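Some notes on the structure that comes next.
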2 protein chains.
Amino acid sequence: MPRWDPEAKERLRAAALELFTEHGYENATVTQITERAGLTRRTFSRYFADKRDVLFAGSEQLPDAMADAVRHADPSLPPFQALLAALVAAGDLFAGLVSQAAQRRAVIASSPELQERERTKLAAVTEAVVEALRERGATESSAKMLAQVGTAVFQTAFERWSDQPADTDFATQVQEAAAELAAHLTP
Amino acid sequence: MPRWDPEAKERLRAAALELFTEHGYENATVTQITERAGLTRRTFSRYFADKRDVLFAGSEQLPDAMADAVRHADPSLPPFQALLAALVAAGDLFAGLVSQAAQRRAVIASSPELQERERTKLAAVTEAVVEALRERGATESSAKMLAQVGTAVFQTAFERWSDQPADTDFATQVQEAAAELAAHLTP
DNA sequence: GCAGTGATGACCCACTGTGTCATCACTGCT
DNA sequence: AGCAGTGATGACACAGTGGGTCATCACTGC
């Protein structure tokens, strides 16, 4: 817990998002960000590992959150069903962030570097889920595959739901995506 | 086709792999690489976008190769079966590289930065496969999900096969991984 | 020969990431 | 109130990166 200026990190994050939107991610420099936030470049480095990281603040908690959701799913469910249940629970978690994240999404979409980092964050989530699935009895190899497939199902369901939030709820989209995948797998 | 020194790129690649192995990826500098290759830092930049890229030379062709494999699969096969067939075909392509790539794999495993880039290259393959699946009649959304799942199946099969190359062939591992996934999906 | 083209070298510059040290605000203890 | 401890910040320095520009050189096709 910082004592003097709890807002420093948040100020940097906000300033960065503004500058990235105004001038593009590539053109904005760390120095410009810190000037807008009233801080120095050195301080930026203490909060964020690099320039990209400022757009992913807070995402460190995601892996644990998802893994816990898998752990807390009904113990009688087999691994993949537990994973689906966890996805639904996590989806509710994201629901509120959708609108606020629009600007952020636009910035990320504009830069390959940022998409690269986003995949890394997603991979960290997948990795944490692997461990949780192992605790449910899956082998390492199976857990890896299932976690990756779970990620694919989540992304598909979330995208479809974002396009048509009114028609159906997120849980239904998850079930439908999983059912569609199962149909494709059994010819 | 370069006219004066077709080996320049290859010399840089080889020098980089040596230095990364000797001193670690982080500690080796681009200047050291170019000195070993008898070139200048500026020339390095003309061949590779950045320091990481030197480890992924040639991977630009992978997306097209995989997409073509999907396109040339038996036209009567439904999308996911076509994808599996393409994975098997591509697996033969990788078989020869396994041993030569060991050193490269070790370097990548040692650096989060490089793993990040590797995911990017894999994502490019997935994206190309999405387009090929669309040409086979899948919707954009389905194609995305199937391509991601195909990637998961491939990685699983390849890993298992690398561990036990003698016991079974790669095609069998692909079929078994897909069957296992199907079993998990239908509870 | 000779102009054209593409690879390279030399020089230069803004930016990044990081180490180090001093300063300053606030805490808890006496 | 005073004081040592702690953590955030600023000031400064430095190696390394990525990229712009221009001159030079080797090889091509005419």
Side-chain angles (χ1 to χ4, degrees), chain A residues 1-20 22-58 60 107-108 110-117 120-121, chain B residues 1-58 60 107-108 110-117 120:
Chain A
M1 288 269 184
R3 288 176 292 177
W4 292 271
D5 197 345
E7 302 147 22
K9 189 169 181 175
E10 172 55 26
R11 283 216 315 275
L12 286 169
R13 203 195 57 78
L17 194 55
E18 284 174 24
L19 279 166
F20 292 162
E22 287 171 24
H23 306 127
Y25 173 76
E26 303 282 356
N27 300 324
T29 73
V30 173
T31 303
Q32 289 170 342
I33 295 169
T34 56
E35 279 169 358
R36 183 167 294 206
L39 295 166
T40 63
R41 202 168 57 84
R42 193 67 189 83
T43 300
F44 182 94
S45 288
R46 292 195 183 97
Y47 283 111
F48 307 103
D50 52 45
K51 184 177 154 188
R52 311 176 191 183
D53 221 41
V54 72
L55 274 168
F56 298 92
E60 319 82 45
V107 175
I108 294 178
S110 76
S111 159
E113 254 186 71
L114 293 173
Q115 293 162 41
E116 196 168 64
R117 180 57 54 88
T120 295
K121 300 292 182 177
Chain B
M1 287 272 180
R3 288 176 292 177
W4 291 272
D5 196 346
E7 302 147 21
K9 190 169 181 174
E10 173 54 27
R11 283 217 314 275
L12 286 169
R13 203 196 58 76
L17 193 56
E18 285 175 23
L19 279 165
F20 292 162
T21 305
E22 287 172 24
H23 307 127
Y25 172 77
E26 304 282 357
N27 300 325
T29 74
V30 174
T31 303
Q32 290 169 344
I33 295 170
T34 56
E35 279 169 357
R36 184 167 293 205
L39 296 166
T40 62
R41 203 168 56 81
R42 195 65 189 83
T43 300
F44 182 94
S45 288
R46 292 194 183 97
Y47 283 112
F48 307 103
D50 51 45
K51 184 177 151 188
R52 309 177 194 182
D53 222 38
V54 72
L55 275 168
F56 297 93
E60 318 84 45
V107 175
I108 293 178
S110 77
S111 159
E113 254 185 71
L114 292 174
Q115 294 162 40
E116 197 168 61
R117 180 57 54 89
T120 296

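Order of the sequence lines sets the chain letters (A, B, ...), proteins ahead of strands, with each chain counted from 1. On a predicted model such as this, the values are computed, not experimentally measured, just so you know. Heavy-atom basis, side chains included; hydrogens, waters and symmetry copies ignored.
- Side-chain contact between Val54(B) and Phe20(B) is present, with at least one heavy-atom pair separated by less than 4.5 Å.
- dA15(D) atom P lies 19 Å from atom NE2 of His23(B), rounded to whole Å.
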- Taking only Watson-Crick and G-U wobble pairs with both distances under 3.5 Å, what dot-bracket line describes DNA chain D, where [ ] shows pairs that cross earlier ones and | shows pairs with another strand? ||||||||||||||||||||||||||||||

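- Atom OG1 of residue Thr29(A) and atom NE2 of residue His23(A) lie 10.5 Å apart, to the nearest 0.5 angstrom.
- Lys51(B) has its side chain out of reach of Glu113(B): every pair of non-hydrogen atoms, C-beta onward, lies at least 4.5 Å apart.
- Looking only at atom types and distance, the side chain of Thr43(B) has a donor-acceptor partner in the side chain of Thr40(B) under 3.5 Å away.
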Distances for protein N/O vs nucleotides 19-21 of chain D N/O pairs under 3.5 angstrom?
unit_1	atom_1	unit_2	atom_2	d
dG20(D)	N7	Arg42(B)	NE	3.3
dG20(D)	N7	Arg42(B)	NH2	2.9
dG20(D)	O6	Arg42(B)	NE	2.8

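- Asn27(B) places its CG atom 18 Å from the P atom of dG17(C), with the value rounded to the nearest Å.
- Considering only heavy atoms from C-beta on, Phe44(A) stays 4.5 Å or farther from Thr31(A) through its side chain.
- If you take CD of Glu7(A) and C1' of dA8(D), they are 14 Å apart, rounded to a whole angstrom.
- Distance Phe44(B) CZ to dT17(D) P: 9 Å, rounded to the nearest Å.
- Between Glu113(A) atom CD and dG17(C) atom P the separation is 9 Å, expressed in whole Å.
- A pairwise comparison of heavy atoms in Phe48(A) and Leu12(A) identifies CE1-CB, 3.9 Å as the closest pair.
- Formation of a donor-acceptor pair under 3.5 Å by the Glu18(A) side chain with backbone atoms of Ala16(A) is not found in this model.
- No donor-acceptor pair under 3.5 Å is formed between the side chain of Glu35(A) and the backbone N or O of Ile33(A).
- One atom, OH of Tyr47(A), and another, P of dG17(C), lie 18 Å apart when rounded to the nearest Å.
- Rounded to an integer number of Å, the gap from Arg11(A) CZ to dA8(D) P is 15 Å.
- Judged by distance alone, with hydrogens and angles left aside, the side-chain atoms of Ser111(A) form no donor-acceptor pair with the main-chain N or O of Ile108(A) at under 3.5 Å.
- Using a 4.0 Å cut-off, no side-chain N or O of Thr40(B) falls inside it from OP1 or OP2 of dT8(C).
- Whole-Å rounding puts the Glu35(B) CD to dG9(C) P distance at 12 Å.
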